[in-house]
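All chains are named by letter (A, B, ...) in the order of the sequence lines, taking the proteins before the strands, and each is independently numbered beginning at 1. Nothing here was measured: the structure is a model prediction, and the numbers come from that model. Atoms considered below: every heavy atom in the structure, side chains included; atoms not considered: hydrogens, waters and symmetry mates.
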Number of protein chains: 2
Amino acid sequence: MDHPATAPGASGATNPRDHADGPARRGPRPNLAAVARAAGVAPSTASLAFSGAGPVSDDAKARVLAAAAELGYGGPDPRARSLRRGRSGVIGVVMDERLSDAFRDPVNVLTLDGIAEVAGEAGASLLLVRSPLDDEHGAGPIVDAPMDAVVLVGCNVRIDPAVAVLRRRQIPVVAIEADDIEGAVPVQLDNREASHRAASYLADLGHTAVTIVTLPLDAERRCGPVDADREASGVAHTTLERLRGVREVYPDAPAIEAAGSSVEDGRVAGRTLFAEGAPTPTAVVAQSDLLAVGVVSAALDAGLRVPEDVSVIGFDGITVDDSLLHRSPIRQLTTLVQPFEQKGRAAARAALAMLEGAEPQPAAFRSELRIGDTTGPVRRALGG
Amino acid sequence: MDHPATAPGASGATNPRDHADGPARRGPRPNLAAVARAAGVAPSTASLAFSGAGPVSDDAKARVLAAAAELGYGGPDPRARSLRRGRSGVIGVVMDERLSDAFRDPVNVLTLDGIAEVAGEAGASLLLVRSPLDDEHGAGPIVDAPMDAVVLVGCNVRIDPAVAVLRRRQIPVVAIEADDIEGAVPVQLDNREASHRAASYLADLGHTAVTIVTLPLDAERRCGPVDADREASGVAHTTLERLRGVREVYPDAPAIEAAGSSVEDGRVAGRTLFAEGAPTPTAVVAQSDLLAVGVVSAALDAGLRVPEDVSVIGFDGITVDDSLLHRSPIRQLTTLVQPFEQKGRAAARAALAMLEGAEPQPAAFRSELRIGDTTGPVRRALGG
DNA sequence: CTGAAAGCGCTTACAG
DNA sequence: CTGAAAGCGCTTACAG
């Protein structure tokens, strides 16, 4: 399925790179020394003519530029420049998942947004890198890509190998939403407090039977009930904090772990939750909006009304698309809205600061409870 | 609004980078020579121990690794390695817009998906770069970021400066959805033929009054009617091809240019289209799904029924979220579905091939007309 | 299997 | 304002 037809007229017989283009470029790529020679100046002068980092006479500069054009010189080689300068102008963005999965989650895309904005303004470019798997330590871009600083995005799970590598490389690290990592600047959210607030809101509505649908606790993509052992073995900081926040209000609330953060993962968890015969909660706290939509969808499928029979609350405040929901009267999820772009911007600023040798600013952000139409007062107890 | 509170307990008094970490790392970063010295081997042997590119005795290798650990050496510096090798393992992804805008369009994200998949498998990392503005030639990452090859994504507009720079740098270029660019390997879609098919489908349904809502024709973010002059001045290949495809069936179909590809841009165009007093088309061909949703939304706002009063057809086959639509009975757009991921994969493969010095494969893909519920037979002529 | 040598292409003090 | 020199850290033929 993945083998495209070759475009009939598009390729032609010649290699596209064979096209001559103004000044012929025969032989090896010219370097700055060759340009300087052609211009009749010293290499250092030619360098200055390009970088503007020192005084050069207009005449010398013009000769250098003319020689460069003549030889087809494309400007100083960034590889050599970065070796010499000790900097490459590249900020690494490390994500937990396959990049193609990461892009599927709006949470990551929105964060990237903020990072890209600040990095772009500063002239830095973003290198997308996947966190290394356990079995490939010592390989992969995180080990050998040029990066001046790194931002960990949505790395809840499997952060340790990445951080270890980066620390050894002495690359400054900014960690969004990870537990305090030794040597990394944190950009944090009030996960626990926010979850506490959401739970309190449900308590105010009279809910007592609350179940939590959690994000993954580690990289194993398990799904199912979270018992004490499972919770103790969890490494995902965000997941644990959000869980604790709800438990501060509902100490005995059962939890179900989802395999990931997608609508489908939420649906799977929801099916368990609303299975016939099982005691049905009157409210569900899901740790992401995607999960929440899946839970709502499972509830509707099970013939329950939302919020009349069951309230559902999410986390993130993103816009979610799900066709099943469209058939329902639900217009907006009750959720905790978090400032992704701001978090991304703060992370990028911290990374740039470390790059400059300045003291980076740790940052903490707040989520706001946004009340939509997936939550309501608890239904009257049947026997009440 | 963007100044986060400093996290109370998160920062502490010390610079995170001051943390000692096992072997002290005093003074300057060690280099491979220092490691070799400490291990009692030649630098070349130490290099081989890390790269595995040649035979090294187990003993020598162990001594090198031990010395590296002892000195806190994080492995060969990628900057030096890439200078020496002439390769950096980085593929640039160049986009037309601010990256934060680019991420907002699913079209780009899906394409990036495919690129990331193939690049990731090959161990290459992706450098996100914005196409330079006209007024910043000679600056920005496209000029001085290390990249072995580049993929142009969604660069319809403002490609020329980028391509000129890349050509001078002699960086191989793969262009997704751009007109044949001299020296670039094309990854193309059947924009014209697909649009022709969509138009034919409308013709079969009896539509004669068809209006086209186009993507931008250049970078100026204009919106309004496309007259012959405007069309002649257009530089966006995709826009023009899709326009031509429809015109092959409806030679006189009027066109309105949208300022961008968003639901809101589509809505703006739609408002013009369905303004009172204006002659209303019985069908609209929008050049993207986002635009199509905006048009549908404007039609509903104007009190028209879709598809009974007006049919709307999109392009892309993405999932679109729009709350207004949810209130309507419309479940799926009629649209031309294009294989974004496949296009991305093909582009990445071509880039990798050029990197290896192999002959890259130009690729061409096909869009499929997917009939949803936004199109239907033309309404009976009022006077008919 | 190991070592000595050369050089990738640039920039930056430094002296004029 | 310009030039000669050194060196960023590595890898790769090449000889042993």
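Rounded to a whole Å, the CZ atom of A:Phe50 is 14 Å from the C1' atom of C:dT11. Rounded to whole angstrom, the span from the CZ atom of A:Arg87 across to the P atom of C:dG9 amounts to 24 Å. Straight-line distance from the CZ atom of A:Arg81 to the P atom of D:dC10: 21 Å, rounded to whole Å. In this structure, A:Arg63 places its CZ atom 14 Å from P of D:dC1, rounding to the nearest Å. In this structure, the CG atom of B:Leu32 is 12 Å from the P atom of D:dT12, given to the nearest Å. For the pair B:Asp144 CG and C:dT11 P, the interatomic distance rounds to 10 Å; values are reported in whole Å. Atom NZ of A:Lys61 is separated from atom P of D:dC1 by 12 Å (rounded to the nearest Å). Taking atom CZ on B:Arg79 and atom P on C:dG9, their separation rounds to 18 Å, with Å as the unit.
A distance of 10.0 Å separates NZ of A:Lys343 from CD1 of A:Ile115, quoted to the nearest 0.5 Å. Once rounded to the nearest 0.5 Å, the distance linking CE of A:Met147 with CZ of A:Arg87 reads 15.5 Å. In this structure, CG in A:Leu65 is found 11.0 Å from CG in A:Asp58, a value given to the nearest 0.5 Å. Atom CZ in A:Arg130 sits 11.0 Å away from atom CD1 in A:Ile142 (nearest 0.5 Å). Atom CG of A:Leu32 and atom OH of A:Tyr73 lie 4.0 Å apart (nearest 0.5 Å).
Not one N or O on the side chain of A:Asp148 forms a donor-acceptor pair closer than 3.5 Å with the backbone of A:Ile91. Between the side chain of A:Thr45 and the backbone N or O of A:Val41 there is no donor-acceptor pair closer than 3.5 Å. Between the side chain of A:Arg167 and the main chain of A:Gly183, no donor-acceptor pair closer than 3.5 Å is present. Side-chain atoms of A:Arg79 do not come within 3.5 Å of backbone N or O of B:Ala80 as any donor-acceptor pair.
Backbone-only contact: A:Pro76 has heavy atoms under 4.0 Å from sugar-phosphate atoms and none from a base. Nucleic acid contact for B:Ser57: sugar-phosphate only, since backbone atoms but no base atoms lie under 4.0 Å from a heavy atom of the residue. Within the nucleic acid shown, B:Tyr73 comes within 4.0 Å of sugar-phosphate atoms alone, with no base atom in reach, counting heavy atoms only.
In terms of position along DNA chain C, the nucleotide closest to B:Asp59 lies nearer the 5' end than the nucleotide closest to the other residue of the pair B:Asp59 and B:Arg85. Nucleotides of DNA chain C nearest to A:Leu83 and A:Thr45 differ in position, and the one nearer the 5' end is that of A:Leu83.
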Pairs: protein N or O with nucleotides 14-16 of chain C N or O, under 3.5 Å:
none

Check: protein-nucleotides 5-7 of chain C nitrogen or oxygen pairs below 3.5 Å:
from  : atom 1 : to      : atom 2 : distance (Å)
C:dG7 : N2     : B:Arg84 : NH1    : 3.4

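Salt bridge annotation for A:Arg81-A:Asp77: absent, with no cationic side-chain nitrogen under 4.0 angstrom from a carboxylate oxygen.
Closest to the side chain of A:Val41, out of D:dG3, D:dT12, C:dT11, is D:dG3. You'll find that the side chain of A:Ala60 is closest to D:dT2, out of D:dT2, D:dT12, C:dG3.
Base pairing in DNA chain C yields stems of at least 3 consecutive Watson-Crick or G-U pairs, both distances under 3.5 Å, namely C:1-3 with D:14-16, C:5-12 with D:5-12, C:14-16 with D:1-3.
The two residues B:Ala353 and B:Glu359 have their closest heavy-atom pair at CB-O, 4.2 Å.
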| request: List the steps and the verdict of side-chain contact (heavy atoms from CB on, under 4.5 Å) for A:Leu127 and B:Val90. | output: CA-CA 8 Å; A:Leu127 189 75; B:Val90 171; 4.0 Å; yes
